[in-house]
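The first residue of the sequence shown is numbered 1, and numbering continues consecutively from there.
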Amino acid sequence: MPTPELRTPAQPVAPAPRLPWPALLAMSTAGFVTIMTEALPAGVLPAMSADLGVGQSAAGQSVTLYAVGSIAAAIPLTAVTGRLPRKRLLLVAVGGFAAANAVTAVSPDYPLTMAARFAAGLVAGLLWALLAGYARGIVTPEQRGRAMAVAMAGSTVALSVGVPAGTLLAGLVGWRVTFGLMCVIAVALTGWMLLALPPLPGRADQARVPVRRVLRTPGVATVLAVTATFVLAHNVLYTYVAALLAPLGLDGRTDTVLLVIGLSSLVSILGTGALIDRYLRPLTIAASVLLAAAALLLAAALLGSTGRPAYAAAALWGLGFGGAATLLQTAVADAAGPAGDIAQSLLVTCWNLGIAVGGLAGGLLLDHAGPAALPWSALVLLAAALATTIGGRRHGFPGHGGTRSCEVDAHSS
């Protein structure tokens, strides 16, 4: 007789661990402070330039110098601090924001303000290189996409609520008070992070990974190229959004347009958090398409000298840009594998290179070709970002049949 099949009782499935919400929300607030510090000059540019006695294009270089600081800091600081505890470094970075914003709030002249902006960029380069790895390092592998979305949500909240609110507040009480408030928030955040963040050790193996080897890892260069062109396109428009809206009769509506961009960005980050683990590639493609559609609408509006399409363009703009940081940081982390922190520092460098060149090139275009040149320049850049994303099917932004690199020899030299 055949032996009866023995059945073992079904084992209960252990519930998935909960996300460490206090820690992730503290990191999200750090992202909020970073983006507020970076982007606030775009909303207060006329008042800031008048107070400092310079033109708007010169005041716009406050964004450029911030980005230059991040570029200068991200790779070397990440490399030399690889062995240090992550929590300590994040606290130092947030404290740096408090100091830089305090100096910006009280600075009496243009050179000191620019020096403070550069210093803020230095700590931003370190913070962004750490944030993604910290969020991914305190959760299980299957939670990494959601943890990244939560940690990056603060940057979207800064765009959706913070910058418009800061612009409105600056109109009521002055732009210096707004920067002073950012200093207070940063000081309070250091206390929150001290209590909420679990310790996360440094990784000595990452400190030994040569940057050139990370760059040669399949997919990493592709993600970095998309990052640089996409962010450059965004910042050519965003840094000079007030000047872009003036010919449309919306020079008094900058805060409203920024609010529309921000609210749609919030929708974007919520959708990204829900879908990123399954649809990274199509979401990244959609980001470039949506931002390109926004630039095209703005170009059409400037040709017709009408402000009506600007709000639709702002909505598309936010939908395209809101989830971009999460998408690109996840893509480069997946491609780089164990060398994730080094790859993140490279992405931060490319991101801020896009900001710096966007502020500089946008200022030159504004001075010599007028605001109508800005959206057409953005369209060319977004076409390059889209083509690179589509071409990264095997590595960087793989489809279902693609492969990701998951190993970097940490001991190579």
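Remark: the backbone N or O of Thr389 is paired with a side-chain donor or acceptor of Arg281 at under 3.5 angstrom. Judged by distance alone, the side chain of Ser49 and the main-chain N or O of Pro46 form a donor-acceptor pair under 3.5 Å. For the pair Arg394 (side chain) and Pro218 (backbone), a donor-acceptor distance under 3.5 Å is absent. Between the side chain of Ser155 and the backbone N or O of Met152, at least one donor-acceptor pair lies under 3.5 Å. Put simply, the side chain of Arg117 gets close to the backbone of Thr37: a donor and an acceptor are under 3.5 Å apart. The backbone N or O of Leu197 sits less than 3.5 Å from a side-chain atom of Lys87, completing a donor-acceptor pair. Under a 3.5 Å cut-off, the side chain of Ser107 and the backbone N or O of Thr104 do not form any donor-acceptor pair. Under the 3.5 Å distance criterion, the side-chain polar atoms of Thr81 are matched with a main-chain donor or acceptor of Leu77. Here the side chain of Tyr110 pairs a donor or acceptor atom with the backbone of Ala58 at under 3.5 angstrom. A donor-acceptor contact shorter than 3.5 Å links the side chain of Asn235 to the backbone of Val231.
Considering only heavy atoms from C-beta on, Trp317 stays 4.5 Å or farther from Val260 through its side chain. Counting heavy atoms from C-beta on, the side chains of Ile35 and Glu38 come closer than 4.5 Å. Using a 4.5 Å heavy-atom threshold, the side chains of Leu244 and Pro375 count as touching. Contact check for Leu366 versus Gln56: no side-chain heavy atoms found under the 4.5 Å cut-off. Within the 4.5 Å cutoff, no side-chain heavy atoms of Tyr66 are placed close to those of Ile355. No side-chain heavy atom of Leu346 sits under 4.5 Å from any side-chain heavy atom of Val332. With a 4.5 Å cut-off on side-chain heavy atoms, Ile261 and Phe321 do not count as touching. Arg136 is listed as a side-chain neighbour of Thr330, based on a closest heavy-atom distance under 4.5 Å.
Considering all non-hydrogen atoms of both residues, Cys183 and Asn101 come closest at N-CB, 4.0 Å. Of all heavy-atom pairs between Leu248 and Ala310, the closest is CD1-CB, 4.2 Å. In terms of heavy-atom proximity, Gly133 sits nearest to Leu200 at O-CD2, 4.3 Å. Of all heavy-atom pairs spanning Met48 and Pro41, the tightest one is SD-CB, 4.0 Å. Minimum interatomic distance between Ala372 and Leu302 (heavy atoms only, all atoms of both residues): CA-CD1, 3.7 Å. Between Pro198 and Ile138, the shortest heavy-atom distance links the atoms CG-CG2, 3.8 Å.
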Test side-chain contact (heavy atoms from CB on, under 4.5 Å) applied to Ile285 and Leu386, step by step: CA-CA 6 Å; Ile285 291 172; Leu386 180 60; 3.7 Å; yes
Check against side-chain contact (heavy atoms from CB on, under 4.5 Å), Leu127 and Val33: CA-CA 11 Å; Leu127 186 143; Val33 170; over 6 Å; no
Full working for side-chain contact (heavy atoms from CB on, under 4.5 Å) between Leu258 and Val241: CA-CA 9 Å; Leu258 290 176; Val241 64; 4.0 Å; yes
Intermediate values then yes/no, side-chain contact (heavy atoms from CB on, under 4.5 Å), Val226 and Phe397: CA-CA 10 Å; Val226 172; Phe397 304 98; 3.7 Å; yes
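Put simply, CG on Leu379 and CG on Leu296 are 5.5 Å apart, with the number rounded to the nearest 0.5 Å. For the atom pair CG of Leu327 and CZ of Phe230, the computed distance is 8.5 Å after rounding to the nearest 0.5 Å. Atom CG of Leu65 is separated from atom CD1 of Ile71 by 10.5 Å, given to the nearest 0.5 angstrom. How far CG of Leu263 is from OG of Ser268: 12.5 Å, rounded to the nearest 0.5 Å. To the nearest 0.5 Å, atom CG of residue Asp367 and atom OG of residue Ser57 are 4.0 Å apart. Taken from CZ in Arg308 to CG in Leu297, the straight-line distance is 14.5 Å, to the nearest 0.5 Å.
By the 4.0 Å N-to-carboxylate-O rule, Asp334 lies too far from Arg144 to be salt-bridged with it.
Below 30°, between 30° and 60°, or above 60°: for Trp175 and Phe179 the angle between ring planes is above 60°, a perpendicular geometry.
Dense packing is recorded around CZ of Arg176, with more than 12 heavy atoms of other residues, nucleotides or ligands lying under 6.0 Å away.
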